[in-house]
Amino acid sequence: QIVKMIVKRGALIVVEGVDRSGKSTQCKKLVETLKEKGLNVKGFNFPDRTTAIGKVIDEYLKESTSLSDEVIHLLFTANRWEKMHEIKKSLTEGTTWIIDRYTYSGIVFSSIKKNMSLEWCKMPESGLPKPDLTFLLMVDDEALSQRPGFGNERYEKSEIQKKVKEMFSDMCTKEDTWKLVDANKPIKDVHDSMLQDILKVIEGVKNRDLQYF
Ligand code: T5A
Ligand code: NA
């Protein structure tokens, strides 16, 4: 008789923050370091602009297409759902995922718009796996203005970024699986502190079931 081996699941780690707070930089480094340590890990970034839905999102962000607030919200969510079966399977098989933006970006960027309620924005996210740990990368406005890469995509405007920052901060104080990160520090210092937290979480969730929104 074949005895099914009990595979310990991987952790779902999410990195959120305002534009240019260093999310992609940190995600990339974290995946590299965890791989060097011999752990099973994958990195991913939402929105995934490579899919059919992602291409529409890309056009919307570049302002070459306009869509209603409801429609773009549902497309961002659909862009997560189209990847979700793969991520869920892989997590249960023991791979840790480090994800650059997730549901929270979806909810925040949509619900700060006029006539878009928080409740409505949360609805289509229901059923997606809940992160075991969400980092919020925070950078002072002064330091942020020194960083390159503030482009001309739809949401890269200071009044939008200000609202985003406030709402993320609020979420961070309310949720106990969130961790505030001082991302003003040098890249390596930020990396080291995030790494320690992730290693603890990977160990802690091994025998715990995945949770869902
Ligand atoms: N969106 C997204 C929604 O509306 N709904 C959704 O559901 C989702 C998922 C695109 C937009 O889509 C919106 C939110 C966004 O507006 P994106 O493609 O993830 O989302 O955004 P990007 O433009 O790719 O990423 P960001 O601009 O947010 O930048 P990052 O990833 O935070 O920053 P990063 O790592 O690229 O670094 C920026 C610069 O700072 C330097 C880096 O070298 C780089 O030059 N830097 C540092 N400098 C000094 N000290 C440090 N510690 C530094 N860390 C990085
Ligand atoms: Na990014």
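Read the numbers this way: they start at 1 and go in the same order the structure lists the ligands and their atoms. Given the structure is predicted, the values throughout are model-derived calculations rather than measurements. FYI, side chains are in, hydrogens and waters are out, and symmetry mates aren't considered; it's all heavy atoms of this structure.
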Participant: Please determine if Glu153 has a nitrogen or oxygen closer than 3.5 Å to a nitrogen or oxygen of ligand 1.
Facilitator: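 Between Glu153 and ligand 1, no N or O pair is found under 3.5 Å apart.
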Participant: Would you mind listing which atoms of ligand 1 come within a distance below 4.0 Å of any non-hydrogen atom of Arg80?
Facilitator: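 Per the distance check, 6 (C), 7 (O), 9 (C).
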Participant: Mark the output for His73 as yes if a heavy-atom distance to ligand 1 is under 4.0 Å, and as no if none is.
Facilitator: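 Contact check His73 vs ligand 1: negative.
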Participant: Look at atom 46 (N) of ligand 1 and find which of Arg147, Gln146, Gln26 reaches it with the closest heavy atom.
Facilitator: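 Among Arg147, Gln146, Gln26, the closest heavy atom to atom 46 (N) of ligand 1 comes from Arg147.
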Participant: Under 4.0 Å from any heavy atom of Ala183, which atoms of ligand 1 are there?
Facilitator: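 It comes down to these atoms of ligand 1: 52 (N).
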Participant: Is Asp19 salt-bridged to Arg101, going by a charged N under 4.0 Å from an acidic O?
Facilitator: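 Between Arg101 and Asp19 there is a salt bridge, with a charged N closer than 4.0 Å to a carboxylate O.
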Participant: For ligand 1, which atoms sit closer than 4.0 Å to a heavy atom of Leu61?
Facilitator: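 The atoms of ligand 1 under 4.0 Å from a heavy atom of Leu61 are 10 (C), 11 (C), 12 (O).
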Participant: Lys37 vs Leu199, test: side chain to side chain contact (heavy atoms under 4.5 Å, CB included). Steps then yes/no.
Facilitator: CA-CA 10 Å; Lys37 290 184 177 293; Leu199 291 172; 4.1 Å; yes
Participant: Is the closest N or O pair between Ser21 and ligand 1 shorter than 3.5 Å?
Facilitator: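 The answer is yes, given that Ser21 and ligand 1 share an N or O pair closer than 3.5 Å.
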Participant: Would you mind listing which atoms of ligand 1 come within a distance below 4.0 Å of any non-hydrogen atom of Asn45?
Facilitator: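 It comes down to these atoms of ligand 1: 19 (O).
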Participant: When rounded to the nearest 0.5 angstrom, what distance separates CD in Glu82 from CG in Leu75?
Facilitator: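 Spacing of CD (Glu82) from CG (Leu75) equals 9.5 Å.
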Participant: Can we say Lys179 and Asp197 salt-bridge, meaning some charged N sits less than 4.0 Å from an Asp/Glu carboxylate O?
Facilitator: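 Answer for the salt bridge query: yes.
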Participant: Tell me the nearest of Arg20, Lys29, Lys113 to atom 38 (C) of ligand 1, using heavy-atom distances.
Facilitator: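 Shortest heavy-atom distance from atom 38 (C) of ligand 1: Arg20.
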Participant: Give the numbers and elements of all ligand 1 atoms closer than 4.0 Å to a heavy atom of Gly106.
Facilitator: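 So the atoms of ligand 1 that pass are 5 (N), 6 (C), 7 (O).
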Participant: Can you give me the closest heavy-atom contact between Ala11 and Val201, atom names plus distance?
Facilitator: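 Smallest interatomic distance, heavy atoms only, reads CB-CG1, 4.1 Å.
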Participant: Going by the atom numbers of ligand 1, which of them fall below 4.0 Å from some non-hydrogen atom of Thr25?
Facilitator: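 Answer, ordered by atom number: 34 (P), 35 (O), 37 (O), 42 (C), 55 (C).
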Participant: Can you sort out which atoms of ligand 1 are near Pro148, meaning under 4.0 Å from one of its heavy atoms?
Facilitator: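 In order of numbering, the contacting atoms are 39 (C), 45 (O).
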Participant: Counting each atom of ligand 1 from 1 as listed, which ones have a heavy atom of Gly22 under 4.0 Å away?
Facilitator: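 The list of qualifying atoms is 30 (P), 32 (O), 33 (O), 34 (P), 35 (O), 37 (O), 54 (N), 55 (C).
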Participant: Check for me whether the distance between the ring centres of Tyr104 and Phe168 falls short of 6.0 Å.
Facilitator: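 No, they do not, as the ring centres are separated by 6.0 Å or more.
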Participant: From atom 18 (O) of ligand 1, work out which of Arg101, Lys157, Arg49 has a heavy atom at the shortest distance.
Facilitator: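 Checking each option, the heavy atom nearest atom 18 (O) of ligand 1 is found in Arg49.
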Participant: Would one find an N or O of Ser24, backbone or side chain, under 3.5 Å from an N or O of ligand 1?
Facilitator: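 Yes, there is a polar N/O contact under 3.5 Å.
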Participant: Side chain, backbone, both or neither: which applies to Leu137 and ligand 1 if a contact is any heavy-atom pair less than 4.0 Å apart?
Facilitator: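 Neither part.
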Participant: Atom 14 (C) of ligand 1: which of Phe46, Phe76, Phe109 has the nearest heavy atom?
Facilitator: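 Nearest option to atom 14 (C) of ligand 1, by heavy atoms: Phe109.
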